[in-house]
Structure formats: structure tokens, C-alpha cells
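First comes the structure, then the notes that go with it.
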Amino acid sequence: MAKTLHIKNYGCQMNVYDAIRMSDVLEPLGYRQVDTPEDADLVILNTCHIREKAAEKVYSELGRLRTLKQDRADGGSEDRAPMMIGVAGCVAQAEGAEMVRRAPYVDLVFGPQTYHRLPEMVARATRESSQKRGAGRGIIDTDFPIEPKFDFLPDAKSQGASAFLTIQEGCDRFCAFCVVPYTRGAEYSRPAADVIAEARLLVAGGAREITLLGQNVNAYHGTSPSGPSGPSGQSGQSGGEWRLAALAAELAGIDGLERIRYTTSHPRDMTPDLIAAHGEIDALMPYLHLPVQSGSDDMLAAMNRQHTADDYLNIIDALRATCPDIALSSDFIVGHPGETDADFEATLDLIRNVGYAQAYSFKYSPRPGTPAAAMEDAVSEELKSERLARLQTLLNEQQISFNETFVGRSLPVLFDRPGRSDTQRAGRSPWMHSVHADFGTAAEAAAAFGRTVDVRILSAHPNSLAASPVRGSDAAQQEPATV
Ligand code: 5AD
Ligand code: SF4
């Protein structure tokens, strides 16, 4: 019987991938996706726990869903099943049983490592709720199973021209402020053969760009396609493991795959082979998100980042030596416990030194159970806000001047999103700009969709570039289009 599913997603790109895979798992049960919770038989909140008040936001969203569920039950027609509510992701993992205690109308609570078991969970919840006339007992599955969920997921479906592929999960770095090692668990890398097979499916489904995902993706060390005792990857790793550089080189050989990206990386795992890969693999895009969090060595030590500001700057120099046009992005935290004015100034200095194309910045928020949450010398909210504003002003200036350097240039853009009108399409430049192009006619816009097309940049905005297609004599002076 046809059933409807609505997944509300929060947080990082890994959650986007997980949400796609949850719907893949549920499809054989007859679930099709709908846009609103009102229309859904099963609503899943795929939550994020990384920053402030995550759990509170989820509980207030659950309060709204409770009303919907109740309305459905009250006005329920015989042929419509009771609405089922699931909570997935890192808040579910962290809260577990507490969640069904506080919100007893929740039917399923499951973590990021168990969603391959959704069909059994849904079946159990359906049985239990029919026995109890709508008042199911919440099913909790926040295991870290020995068997990786990836072995139980169905084949990947098409995601369009730009696709996500999770290759690594969890983290063993234990930054003092970060909840990820507790919610996503220990570092795990998928075997290279599985990643390659999934990439091929995505490319067969129209992907021209694949973003390899992992909480600490450049720590990737998957079993090589020839097995654990087989030869190591081209970059000289032992024990039949491939690191990210070897995997990227292999993926670059897939016919039709034009672009490879990876995110998020830790500076300590930016190994020489991976830095070199940026100069060797054309498909590796000249853009890297490499969070530094702070420019102060004292703060980096307090954060347990295991590197200094100079170490980071040396990595940036090495990357620029192999790939001169590489654009950089980072995450920053202001107001970590103990951060002084001098520490904060050191962060501003590092930003001036690097020159970022874009960045994300956050006020520190204590995460329960993390070492930083127990640290003294908390920074006041007022000071955090003040520092964040100064930091963001500087980052915004850098982003705007980076974007302005592209005006008048012709760039290959992969158009993977609809535009504001039928003559427009939106896509990404190699440097991750969001590019909006007007093709003049709906037919030309449609022809560009899902492909890489050279466009001329007309103007730069803080968060995007405006473009028009390169034509005629214009095109003759440019590199040929990559399609
Ligand atoms: N407070 C503020 N920001 C945080 N991040 C992670 N944990 C915290 C926290 N407790 C930020 C880091 C990380 C990004 C994903 O979220 O900058 O790189
Ligand atoms: Fe969290 Fe640090 Fe691991 Fe990134 S590297 S996921 S910030 S513990």
C-alpha cells in the first residue's frame, strides 16, 4: 500500500546523505516522499547535535508534530494509518530513552548507525500501535552495531548532477568542544570497492560531481579493492588500505565523473599524498574546506586540535604550491573557554594571513559530555557576540573580494539546480560559488541542466555570482566547454 514519508533534515551534509538513504531503505515498503508533515504517514526529524540548544529545538518541533498526530487520530478515517513520528540523527543518539520519556508520542528513536534497520522498526511500531490503538511504545535503537549499516543499504539511487557519497564516519580526534565522537562513534572507513561501486551508480544516474563525505573525511583509510592483504594504494600505504588520495585517483577514472570534492577535513590528516593529489588529479576541485577553529596556539591546544597555527599555515602553503588557484574555507569557533583578547586577535591574524573564499563561524556552545563543557574561564555571551561580529565582518570582506576577482571571467559551471525563472539555472563553479545564469530561452536553460557549461561572470554578490552563457566569438577566446 502506498504510504507517505516526510524527512525534515538538520545539520551537515552527512545528514543530507543519511536522509537520502533512509528514503531508499523505506521505498521498498511503499513509502514515497512528500513535502509537508501534514501529508505524511511517517515523519522523521533527522537531527543535529553539534551546536546550541539542539535538543530543545527538536522537542519544540516534536510538540508541533504531536498536535498533527493527535488531529489525525481524532479526525482519522478508517483507511488512514495513525501518523508515525521518528527521530533520527545525533540528538536521537544522544538522548535515546530520555526522548521517549519526554515525548511519549514519538514512535521511533534511532541513531545515525542504525537506520538500515528502519523496515523492522517501522513494522514493530505499526504492530505495537495497532495493538494499543495509536499509543505505541517508543522503539529505541541507538546501537553502534558491529556490522556497518552500509552493508545493508539498497543500491544508491540517482541524486542528479551533484551527488553526496559518505565514505567515512565517526571521528577519533576528540576535539575538546565536539560531540561528534560520542554521537557518531569511532572512525570507520568504507571499503574502497564499495565506494567505487556506489560512485559508478551515481554517475550512471547522472552525477557529474561527487562530494565525498565524512566527519573527518581525510582520515579515510578503507580496505583496498584487492582486499586487506592486497597491494596498497598508489600512495604507498601498507596493509592493503587506500587513503583518500588513492581513492580520489581511482574515482577520477570513472567515465563521466568530472568533479570530485571532499569534506570535512582535519589539518592533521592533510597528508603529503593528499596535498600532492590536488596538483595531480584534474577532477579534484580547487576548493578545500579545512577547518582551523582558532589562530591561537593556546586555544588550539585547549581544543585538543593537535596542531599549531604555523602547522596549518604550512599546509596552506603546500596546497598553494601544488594547486595555486585553490580556494580555502574554514570553520571558526569564538569564545571557547579561556579565549583571551590576544587569542582572538591571533585568529583574526590567521584569517588575514590565509585569505578565505568563504567560512563558517560559530559562538562556542558547551556540549554535554565533552571536555570543554567542564572547562573554566567561560567567555561571556556578550563578548562572544562581539568577537563573532568582528570575525564575520573580516570573513565577509574576504569573501566579497574573492568573488569580485571572477567578474569578467569565463568559468565552467555545473548546473544542478532550477533558477528563479524558466530561462535561468543555478549551479556551482569549481570554487564552490553559487552561480545563477540566464540563458535567454527556456530551451537553452533546460539544455544546460545537469551539465557543465562555460559561462561569463557578469557580477559578484556576497553569496553568489551572476552569469550569462559564453557565445560565438566570445567562446572562441575561451577554453572549450568541459561538456
Ligand atoms: N560550539 C560551537 N561550534 C562548534 N562546532 C563544533 N562543536 C561546537 C561547539 N561546541 C563547530 C566547529 C566544527 C563545525 C562543524 O561546528 O567549528 O568544525
Ligand atoms: Fe569534531 Fe574535531 Fe572530529 Fe571534527 S575533527 S568531528 S571537530 S572531534
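Quantities reported herein were computed from a predicted structural model and do not represent experimental measurements. Read the numbers this way: they start at 1 and go in the same order the structure lists the ligands and their atoms. All residue numbers in this chain count up from 1 along the given sequence.
Taking each of His266, Lys363, Met303 in turn, the one with a heavy atom nearest to atom 2 (C) of ligand 1 proves to be Lys363. Proximity annotation for atom 1 (N) of ligand 1: of Ala372, Gly335, Ser365, Ser365 comes nearest, heavy atoms only.
Counting heavy atoms closer than 4.0 Å to ligand 2, residue Phe177 contributes side-chain atoms (C-beta onward) but none from N, CA, C or O. Within the 4.0 Å heavy-atom criterion, the part of Ile333 lying near ligand 1 is the side chain and not the backbone. Within the 4.0 Å heavy-atom criterion, the part of Pro181 lying near ligand 2 is the side chain and not the backbone. Contacts with ligand 1 closer than 4.0 Å are made by side-chain heavy atoms of Gln293 only, the backbone lying farther away.
Near Val180, with a cut-off below 4.0 Å to any heavy atom, the atoms of ligand 2 are 6 (S). Atoms of ligand 2 lying under 4.0 Å from at least one heavy atom of His266, given by number and element, are 5 (S). When each atom of ligand 2 is checked for a heavy atom of Arg173 under 4.0 Å away, the hits are 5 (S). The ligand atoms of ligand 1 that sit less than 4.0 angstrom from a heavy atom of Arg367 are 10 (N). Taking every non-hydrogen atom of Phe174 and a distance limit under 4.0 Å, the qualifying atoms of ligand 2 come out as 8 (S). Taking every heavy atom of Cys175 and a limit of under 4.0 angstrom, the matching atoms of ligand 2 come to 2 (Fe), 5 (S), 7 (S), 8 (S).
No side-chain heavy atom of Asn403 sits under 4.5 Å from any side-chain heavy atom of Ser464.
Distance from atom 7 (N) of ligand 1 to its nearest protein heavy atom, with residue and atom name: Phe177 CD1, 3.3 Å. Shortest contact from atom 1 (Fe) of ligand 2 to any protein heavy atom: Cys178 SG, 2.3 Å. Closest to atom 3 (Fe) of ligand 2 among all protein heavy atoms lies Cys171 SG, 2.3 Å. Scanning the protein heavy atoms around atom 6 (C) of ligand 1, the nearest turns out to be Ile50 CG1, 3.4 Å. Of the protein's non-hydrogen atoms, Asp331 OD2, 3.5 Å is the one closest to atom 13 (C) of ligand 1. Closest protein heavy atom to atom 16 (O) of ligand 1: Arg51 NH1, 2.6 Å. Looking only at heavy atoms of the protein, atom 4 (Fe) of ligand 2 is closest to Gln215 O, 4.3 Å.
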From CA spacing to verdict: salt bridge (Lys or Arg N to Asp or Glu O under 4.0 Å), Arg352, Asp349: CA-CA 5 Å; Arg352 287 187 201 102; Asp349 283 346; 2.9 Å; yes
CA sep, side-chain torsions, deciding dist, call: Arg21, Asp18, salt bridge (Lys or Arg N to Asp or Glu O under 4.0 Å): CA-CA 5 Å; Arg21 303 303 267 147; Asp18 288 343; over 6 Å; no
Stepwise side-chain contact (heavy atoms from CB on, under 4.5 Å) test for Val334 and Val379: CA-CA 9 Å; Val334 298; Val379 175; over 6 Å; no
Criterion side chain to side chain donor-acceptor pair (under 3.5 Å) on Asp273 and Thr271, from CA distance to verdict: CA-CA 5 Å; Asp273 60 326; Thr271 46; 2.5 Å; yes
Trace of the ring-ring contact (aromatic ring centres under 6.0 Å, His included) decision for Tyr115 with Phe152: CA-CA 10 Å; Tyr115 62 75; Phe152 297 88; over 10 Å; no
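Judged by the shortest distance from any of its heavy atoms, His336 lies outside the 4.0 Å radius around the atoms of ligand 1. Using 4.0 Å as the threshold, Arg184 has no heavy atom nearer than that to any atom of ligand 2.
For Gln398 (side chain) and Ile351 (main-chain N/O), a donor-acceptor pair under 3.5 Å exists by modelled atom type.
Ring pair Phe150/Tyr17 is tilted by interplanar angle, where 30° to 60° counts as tilted. Classified by interplanar angle (parallel below 30°, tilted 30° to 60°, perpendicular above 60°), the ring pair Tyr356/Tyr312 is tilted. Aromatic ring pairs are classed by plane angle as parallel below 30°, tilted from 30° to 60° and perpendicular above 60°; the pair Phe402 and Phe406 is perpendicular.
Salt bridge status for Glu95 with Arg101: absent, with no side-chain N to carboxylate O gap under 4.0 Å. A salt bridge is absent between Lys53 and Glu61: the closest approach of a Lys/Arg side-chain nitrogen to an acidic carboxylate oxygen does not fall below 4.0 angstrom.
Among the candidates Arg387, Lys384, Lys363, the single residue satisfying the salt bridge (Lys or Arg N to Asp or Glu O under 4.0 Å) test with Glu339 is Arg387.
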